[in-house]
There are 2 protein chains.
Amino acid sequence: MKTPQSGPSRQQEASCSCAPRSHPLDESSIATDVELLATLANETRYEILRIIADAKDDLCVCEIEPALDVSQGAVSQALARLVSADLLERRKAGRWRYYRTTSRAEAIIDLLDETQVSNHD
Amino acid sequence: MKTPQSGPSRQQEASCSCAPRSHPLDESSIATDVELLATLANETRYEILRIIADAKDDLCVCEIEPALDVSQGAVSQALARLVSADLLERRKAGRWRYYRTTSRAEAIIDLLDETQVSNHD
DNA sequence: TTCTAATATTAGCAATTACTAATATAAATC
DNA sequence: GATTTATATTAGTAATTGCTAATATTAGAA
């Protein structure tokens, strides 16, 4: 089986003779990355993350909730998932829980702000 | 309405007196980011992206397909979405289409490799 | 110890997603 | 032209997701 060649001969092949990739990548790291991305890929969760990232201090749930129009339960579920993805850290204080972003979350947010649709490079 | 205070007094409040965030963030940039993240948050699409990112050259669809166990149509749909999220660029050559990653995609992949679960900082 | 406030958990459902299978298009070869 | 190969598009469906509403838990206050 041939591998496709660079250059003009490529276009003159009669049929595709590509060598399929043998065994592609670390499957488990793909699943791990996708899990992280899926955690971020939800408006409620992502907005919570940005609200907390924008705050100078850590925030309690009661400060986050009013900014969103979903139920209390939904906010709690969102926070729990962000914590288990290592995007937020939780601190207990009496009846309240305070959340702040991890360095991981900050790195991702910074990148997304940089990579903002400037279109082509 | 009071804003929650730092320090020990916080734990002695009788009830939550947090000032809700007035108007949180640029809603449209949140939606844009979530759209990008949702494009990445799928095993088929993310694996395609990594396969192409790992290749020195750009790849044609026929090289990508065998590495995945989804139908041809699914691969085509995945590629189309990656292109419209500005994560892949498409080049036509006769009957074939060649894909390569954009700098945006590379930046995201690099970050995800760096931010790999080292747990705490 | 009872009450209330803050947050978490759960079940169930509506909406969304990602696939397959079938079909369409486009380009090269015959 | 007709055929073949590579890729795209579409309709329909199974699986997943994210919510609400209800309930549970935990901690401080009365």
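Everything numeric in this text was worked out from a predicted model, so none of it was measured. Keep in mind that the numbers below use all heavy atoms, side chains included, and drop hydrogens, waters and symmetry copies. Per chain, numbering begins at 1; letters A, B, ... match sequence-line order.
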Rounding to an integer number of Å, can you tell me how far [X] [atom1] sits from [N] [atom2]?
X     : N      : atom1 : atom2 : result
A/Q72 : C/dA6  : CD    : P     : 10 Å
A/R97 : D/dG28 : CZ    : C1'   : 13 Å
A/K92 : C/dA8  : NZ    : P     : 9 Å
A/R81 : D/dC19 : CZ    : C1'   : 14 Å
B/R90 : D/dA6  : CZ    : P     : 17 Å
B/R91 : D/dA6  : CZ    : P     : 16 Å
B/Y46 : C/dC19 : OH    : P     : 16 Å
B/N42 : C/dC19 : CG    : C1'   : 10 Å

Of the nucleotides [options], which has the atom closest to the [X] side chain?
X     : options              : value
B/S76 : D/dT9, C/dA8, C/dT20 : D/dT9
A/A74 : C/dT9, C/dA6, D/dC19 : D/dC19
A/R95 : D/dA27, C/dA8, D/dA8 : D/dA27

Roughly how far apart are B/E65 CD and B/C60 SG, rounded to 0.5 Å?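 Going from the CD atom of B/E65 to the SG atom of B/C60 covers 9.0 Å.
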
B/L111 and side chain to side chain contact (heavy atoms under 4.5 Å, CB included): which single residue from A/D110, A/T115, A/I108 fits?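 Answer after filtering A/D110, A/T115, A/I108: A/I108.
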
Sort out for me which residue in A/D54, A/L49, A/I48 forms a side chain to side chain contact (heavy atoms under 4.5 Å, CB included) with A/I52.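 The single option meeting the side chain to side chain contact (heavy atoms under 4.5 Å, CB included) with A/I52 is A/I48.
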
Is the backbone of [Y] close enough, under 3.5 Å, to the side chain of [X] for a donor and an acceptor to pair up by distance?
X     : Y     : result
B/T32 : B/S28 : yes
A/R45 : A/A38 : yes
A/R90 : A/A80 : no

For nucleotides 10-13 of chain C, which of its nitrogen or oxygen atoms have a protein nitrogen or oxygen under 3.5 Å away, and what is each distance?
unit_1, atom_1, unit_2, atom_2, d
C/dT10, O4, A/Q77, NE2, 2.7

Does A/T44 put a side-chain nitrogen or oxygen below 4.0 Å from OP1 or OP2 of D/dC19?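 Yes.
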
So, applying salt bridge (Lys or Arg N to Asp or Glu O under 4.0 Å) with B/D58, which one of B/R91, B/R97, B/K92 is it?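 When B/R91, B/R97, B/K92 are each tested with B/D58, the salt bridge (Lys or Arg N to Asp or Glu O under 4.0 Å) holds only for B/R91.
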
